[in-house]
*Asks:* 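The structure's right below; bear with me while I get my questions together.
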Amino acid sequence: MTKTLVRQLFRETEKYAHKNITVSGWIRTIRISKSFGFIELNDGSFFKNLQIVLEKDKIENFNEVSKLNVGAAITASGVLDMTPDAKQPFELKSGFVEINGLSTSDYPLQKKRHTFEYLRTLAHLRPRTNTFSAVFRVRSILAYAIHKFFQERGFVYVHTPIITASDCEGAGEMFQVTTLDIEKIAQSGQQSVDYSKDFFGKAANLTVSGQLNVETYCMAFRNVYTFGPTFRAENSNTTRHAAEFWMIEPEIAFADLKDDMRLAEEMLKYVISYCMENALEEMEFFNQFVDKDLLERLANVINSDFAHITYTEAIELLQKEKDKFEYSVEWGSDLQTEHERYLTEKVFGRPVFVTDYPKDIKAFYMKLNDDGKTVAAMDLLVPGVGELIGGSQREELYDVLVSRMEENGLSPEDYGWYLDLRKYGTNKHAGFGLGFERLVMYVTGMGNIRDVLPFPRTVGNADF
RNA sequence: UCCUCAAUAGCUCAGUUGGCAGAGCAUGCGGCUGUUAACCGCAGGGUCGUUGGUUCGAGCCCAACUUGAGGAGCCA
């Protein structure tokens, strides 16, 4: 039996109108009267449901079907009827229903609104709800759009390692990876751990960033990107942080900070446009039920040029408005969340690049500017989410990089392979990191990172 | 890690000044010939997060703990 997908019915309606079709899916709602009834079927291929009409005298097992619970899996055949005057454009007048899998009366998803907190406890069932079906289809489409953007421009996709024995990169607390029996070590009472006995012969961790590794491939392929999981063991409990998240890190050779920002802006506009064209129904749903200004805001992002401001200019601007802030603003300290949001939401009302931060609050590998005080770094701030992208031009001068490492308390001998890149054919290069979940949040309007990760891992929570 | 708030039926919530534990939805049964979170009737469903305290009496007041949420820091 050839199955028709509900997506096809909506996308190529003329082709299926008045024809006999067979569909399979799960019951979202069921309404039964004495001699007829309706089933809303979702087959997973499309955001919207197909209404199936059941008539007692046309369906052999009507009584059995009428007792089905929400969540049951069925296969139904019949004629696709056009219903231009009804709420739905068409419906399936069913003549045959096969029950594939029953559900029970304690099915936890009701035909009503649930809180996101409750649905987080049902991570295995929540993709069956409207909101999460929309979120995770958009997540998939966005991931594809990112690959499409970079591949169309000749970027090489590099798989940087998940496990790393590199010393700290200053990007955050790391999860240790070990095959040592820690219970045995604890019981033995020994004072220190002999990592030479560990799997890799030294201490190893899960990666906090693929950047240093991908820079090596940048120096071979010129334009490269990573897109993979990243792990941070920070004890941070916010709507924007997870212990396991996905990051996109492009790196471009023979390029400076301006090229980097141009790339970031083009990429963001590209993936948002792609999503709005390819997830129409989902985006409309978000605009209606999650964030009323979403489509307008995203259209504004696509059509306007991003703003630019240097860190120093931003500090001057914020100092004039200091009454509005809880925290004071001083040159040399990092911008607070309230400052970032004020800049992007109130001052500019669109995405803004803040550039040239003081070197002391940024990473060692960032390009030292001619003033000797700032580095060629950029953060892209967006309304609603805050920092979406962080990037920089990299320090390409061997001696400067070594002294920057020493200033940051790192031993250059631990980074021999990284320094080699400055020894053999160094050139200006730049890159950025984009938190994929923050992008999904920005595009969907969802307010909590736990609701854009299929199975979120946060402090104290690794269920499912 | 810090600050604030919350926890009552399967879900979403109400519960007055400390005095009999409530509603809607869901569930079960019955009704209904075009429903759209269908509708109408009836029924079942509770250790009020946990532990302790104050009180004649605690869902309500107090303390600690647990869990969750929001904000801050850290960051992507």
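Computed from heavy atoms alone, side chains included, the values below leave out hydrogens, waters and symmetry copies. Nothing here was measured: the structure is a model prediction, and the numbers come from that model. Convention: sequence-line order gives letters A, B, ...; per-chain numbering from 1.
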*Asks:* Would you measure the distance from the P atom in B/rG19 across to the matching atom in B/rC62 and give it in whole Å?
*Replies:*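 Going atom to atom, P in each nucleotide, I get 15 Å.
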
*Asks:* Show the numbers, then the answer: is there a ring-ring contact (aromatic ring centres under 6.0 Å, His included) between A/Tyr225 and A/His147?
*Replies:* CA-CA 9 Å; A/Tyr225 70 107; A/His147 282 296; 5.6 Å; yes

*Asks:* Using atom P of each nucleotide, how far apart are B/rG22 and B/rC48 to the nearest Å?
*Replies:*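 Straight-line distance between the two P atoms is 14 Å.
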
*Asks:* Measuring only the P atom in each nucleotide, how far is B/rC75 from B/rA14? A whole number of Å is fine.
*Replies:*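 Per the computed distance, 39 Å lies between those P atoms.
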
*Asks:* Does A/Phe436 form a ring-ring contact (aromatic ring centres under 6.0 Å, His included) with A/Phe227? I'd like the steps, not just the answer.
*Replies:* CA-CA 9 Å; A/Phe436 184 53; A/Phe227 185 4; 5.0 Å; yes

*Asks:* Please report, to 0.1 Å, the donor-acceptor pairs under 3.5 Å made by any side chain of residues 129-136 of chain A, with sequence neighbours excluded.
*Replies:*
from	atom 1	to	atom 2	distance (Å)
A/Thr129	OG1	A/Arg126	O	2.7
A/Thr129	OG1	A/Phe132	N	3.4
A/Asn130	OD1	A/Arg28	NH1	3.1

*Asks:* What residue pairs, at least two apart or across chains, pass ring pair (Phe, Tyr, Trp, His ring centres under 6.0 Å) with a residue in residues 34-55 of chain A?
*Replies:*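 Every pair satisfying ring pair (Phe, Tyr, Trp, His ring centres under 6.0 Å) with a residue in residues 34-55 of chain A: A/Phe10-A/Phe46, A/Phe36-A/Phe38, A/Phe47-A/Phe285.
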
*Asks:* Name every donor-acceptor pair, under 3.5 Å, that has one atom in a side chain of residues 328-336 of chain A and the other anywhere in the protein, sequence neighbours excluded.
*Replies:*
from	atom 1	to	atom 2	distance (Å)
A/Trp331	NE1	A/Thr312	OG1	3.0
A/Ser333	OG	A/Glu330	O	3.1

*Asks:* Atom CZ of A/Phe436 and atom C1' of B/rC75: how far apart are they, to the nearest Å?
*Replies:*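 After rounding, the gap between these two atoms is 19 Å.
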
*Asks:* Which of these nucleotides, B/rG73, B/rA72, B/rA69, is closest to any side-chain atom of A/Glu117?
*Replies:*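 Comparing B/rG73, B/rA72, B/rA69 against the side chain of A/Glu117, the answer is B/rA69.
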
*Asks:* In terms of side-chain geometry, is the basic nitrogen of A/Lys320 or A/Glu313 positioned less than 4.0 Å from the acidic oxygen of its partner?
*Replies:*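 Salt bridge between A/Lys320 and A/Glu313, a charged N being under 4.0 Å from a carboxylate O: no.
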
*Asks:* Just call it for A/Lys67: base, sugar-phosphate, or nothing, with non-hydrogen atoms closer than 4.0 Å on any strand.
*Replies:*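 Result for A/Lys67 = nothing.
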
*Asks:* For a quick check of understanding: with a heavy-atom distance under 4.0 Å over all strands, which category does A/Tyr118 fall into, base, sugar-phosphate or nothing?
*Replies:*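 Answer is sugar-phosphate: A/Tyr118 comes under 4.0 Å of backbone atoms only.
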
*Asks:* Between the side chains of A/Arg31 and A/Glu40, is the shortest nitrogen-to-carboxylate-oxygen separation below 4.0 Å, so that they form an ion pair?
*Replies:*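 Result for this pair is yes, salt bridge flagged.
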
*Asks:* Is a donor from one side chain sitting under 3.5 angstrom from an acceptor on the other, for A/Ser35 and A/Glu55?
*Replies:*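 Their side chains do not contain a donor-acceptor pair, so the 3.5 Å distance test is not met.
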
*Asks:* Return the nearest nucleotide to the side chain of A/His241; candidates are B/rG73, B/rG34, B/rC11.
*Replies:*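 Nearest nucleotide to the side chain: B/rG73.
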
*Asks:* Side chain of A/Lys112: nearest nucleotide among B/rC74, B/rC25, B/rG34?
*Replies:*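 Of the options given, the side chain of A/Lys112 lies nearest B/rC25.
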
*Asks:* Are A/Arg240 and B/rA72 close enough that a side-chain N or O sits under 4.0 Å from OP1 or OP2?
*Replies:*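 The answer is yes; a side-chain N or O of A/Arg240 sits under 4.0 Å from OP1 or OP2.
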
*Asks:* Cation over ring, A/Lys67 on A/Phe62, under 6.0 Å and within 45°?
*Replies:*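 Cation-pi check for A/Lys67 and A/Phe62: fails.
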
*Asks:* Which nucleotide, B/rG28, B/rG34, B/rU1, lies nearest any side-chain atom of A/Asn235?
*Replies:*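 Side chain of A/Asn235 sits closest to B/rU1.
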
*Asks:* Say we look at B/rG70 and B/rC13: how far apart would their P atoms be, to the nearest angstrom?
*Replies:*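 Roughly 14 Å separates the two P atoms.
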
*Asks:* Using a distance-only criterion (donor-acceptor N/O pair, under 3.5 Å, no hydrogens), is the base of B/rG34 paired with the side chain of A/Glu91?
*Replies:*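 Pair found.
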
*Asks:* Separation of A/Leu92 atom CG from B/rU35 atom P, in whole Å?
*Replies:*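 Taking CG of A/Leu92 and P of B/rU35, I get 19 Å after rounding.
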
*Asks:* Salt bridge or not for A/Glu282 and A/Arg137, using N-O below 4.0 Å?
*Replies:*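 Yes, charged N to carboxylate O under 4.0 Å.
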
*Asks:* Please convert RNA chain B into dot-bracket. A pair counts if it is Watson-Crick or G-U wobble with both distances under 3.5 Å; crossing pairs go in [ ] and bases paired with another strand get |.
*Replies:* (((((((..((((.....[..)))).(((((.......))))).....(((((..]....))))))))))))....

*Asks:* From the list B/rA72, B/rU35, B/rU27, which nucleotide is the closest neighbour of the side chain of A/Ser105?
*Replies:*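 Nearest to the side chain of A/Ser105 among the choices is B/rU27.
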
*Asks:* If you look at every strand shown and take non-hydrogen atoms under 4.0 Å, does A/Glu55 touch a base, only sugar-phosphate, or nothing?
*Replies:*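 A/Glu55: no heavy atom of the nucleic acid under 4.0 Å.
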
*Asks:* Would you mind classifying the nucleic acid contact of A/Leu109 as base, sugar-phosphate or nothing, using non-hydrogen atoms under 4.0 angstrom?
*Replies:*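 If one applies the 4.0 Å heavy-atom cut-off, A/Leu109 turns out to touch nothing in the nucleic acid.
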
*Asks:* Distance check, P atoms only: B/rC5 and B/rG59, in whole angstrom units.
*Replies:*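 Each nucleotide's P atom is 23 Å from the other's.
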
*Asks:* Kindly indicate whether the side chain of A/Gln51 and the base of B/rU35 share any N or O donor-acceptor pair separated by less than 3.5 Å?
*Replies:*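 Side chain to base: pair present.
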
*Asks:* Check whether any side-chain N or O of A/Thr115 sits under 4.0 Å from OP1 or OP2 of B/rU12, and answer yes or no.
*Replies:*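 So the side chain of A/Thr115 is within the cut-off, an N or O lying under 4.0 Å from OP1 or OP2 of B/rU12.
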
*Asks:* Between B/rU66 and B/rG46, how many Å separate the two P atoms, rounded to a whole number?
*Replies:*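 Comparing P positions in B/rU66 and B/rG46 gives a spacing of 29 Å.
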
*Asks:* Can you tell me which nucleotide in B/rU35, B/rG10, B/rA72 comes closest to the side chain of A/Thr238?
*Replies:*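 Of all the options, the side chain of A/Thr238 is nearest to B/rA72.
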
*Asks:* Counting any heavy atom closer than 4.0 Å, what does A/Phe36 reach on the DNA or RNA strands: base, sugar-phosphate only, or nothing?
*Replies:*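 The residue A/Phe36 makes sugar-phosphate contact but no base contact.
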
*Asks:* Can you work out whether A/Met247 or A/Thr29 has the more 5'-proximal nearest nucleotide on RNA chain B?
*Replies:*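 Counting from the 5' end, the first nearest nucleotide belongs to A/Thr29.
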
*Asks:* Counting heavy atoms from C-beta on, name the nucleotide in B/rU1, B/rC11, B/rA37 closest to the side chain of A/Asn237.
*Replies:*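 Per side-chain heavy atoms of A/Asn237, the pick is B/rU1.
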
*Asks:* Which is true for A/Arg28 with a 4.0 Å heavy-atom rule: it touches a base, it touches only sugar-phosphate, or it touches nothing?
*Replies:*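 Nothing, no heavy atom under 4.0 Å.
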
*Asks:* Take atom C1' in B/rU1 and the same atom in B/rC20, then report the distance between them in whole Å.
*Replies:*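 Roughly 46 Å separates the two C1' atoms.
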
*Asks:* Within the 4.0 Å heavy-atom criterion, would you say A/Tyr327 contacts the bases, only the backbone, or no part of the nucleic acid?
*Replies:*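 It contacts sugar-phosphate atoms only.
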
*Asks:* A/Glu395 and salt bridge (charged side-chain N to carboxylate O under 4.0 Å, His left out): which partner among A/Lys362, A/Lys359, A/Arg404, A/Lys367?
*Replies:*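 That would be A/Lys367; it is the only one of A/Lys362, A/Lys359, A/Arg404, A/Lys367 passing the salt bridge (charged side-chain N to carboxylate O under 4.0 Å, His left out) with A/Glu395.
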
*Asks:* In residues 329-349 of chain A, which residues come under 4.0 Å of RNA chain B by heavy atom?
*Replies:*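 Those residues are A/Gln336, A/Thr337.
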
*Asks:* From the set B/rA69, B/rA37, B/rU12, return the single nucleotide nearest to any side-chain atom of A/Lys111.
*Replies:*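 Nucleotide nearest to A/Lys111's side chain: B/rA37.
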
*Asks:* Could you please name the option among B/rC11, B/rG34, B/rG73 that lies closest to any side-chain atom of A/Ser236?
*Replies:*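 So the nucleotide nearest the side chain must be B/rG73.
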
*Asks:* Enumerate the residue pairs fulfilling salt bridge (charged side-chain N to carboxylate O under 4.0 Å, His left out) with a member in residues 342-356 of chain A, sequence neighbours excluded, ordered by first and then second residue.
*Replies:*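 Qualifying pairs: A/Arg341-A/Glu345.
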
*Asks:* Can you see if the side chain of A/Thr239 gets near the phosphate of B/rG71 - specifically, an N or O under 4.0 Å from OP1 or OP2?
*Replies:*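 So the side-chain polar atoms of A/Thr239 do come within 4.0 Å of the phosphate oxygens OP1 or OP2 of B/rG71, strictly under.
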
*Asks:* How far, in whole Å, is B/rA7 from B/rU47 if one measures between their C1' atoms?
*Replies:*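 Result for the C1' pair: 15 Å, nearest Å.
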
*Asks:* So, is A/Asn448 close to the B/rG70 phosphate, meaning a side-chain N or O under 4.0 Å from OP1 or OP2?
*Replies:*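 Yes.
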
*Asks:* Any side-chain N or O of A/Arg113 less than 4.0 Å from the OP1 or OP2 oxygen of B/rC25?
*Replies:*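 Negative; the distance criterion is not met.
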
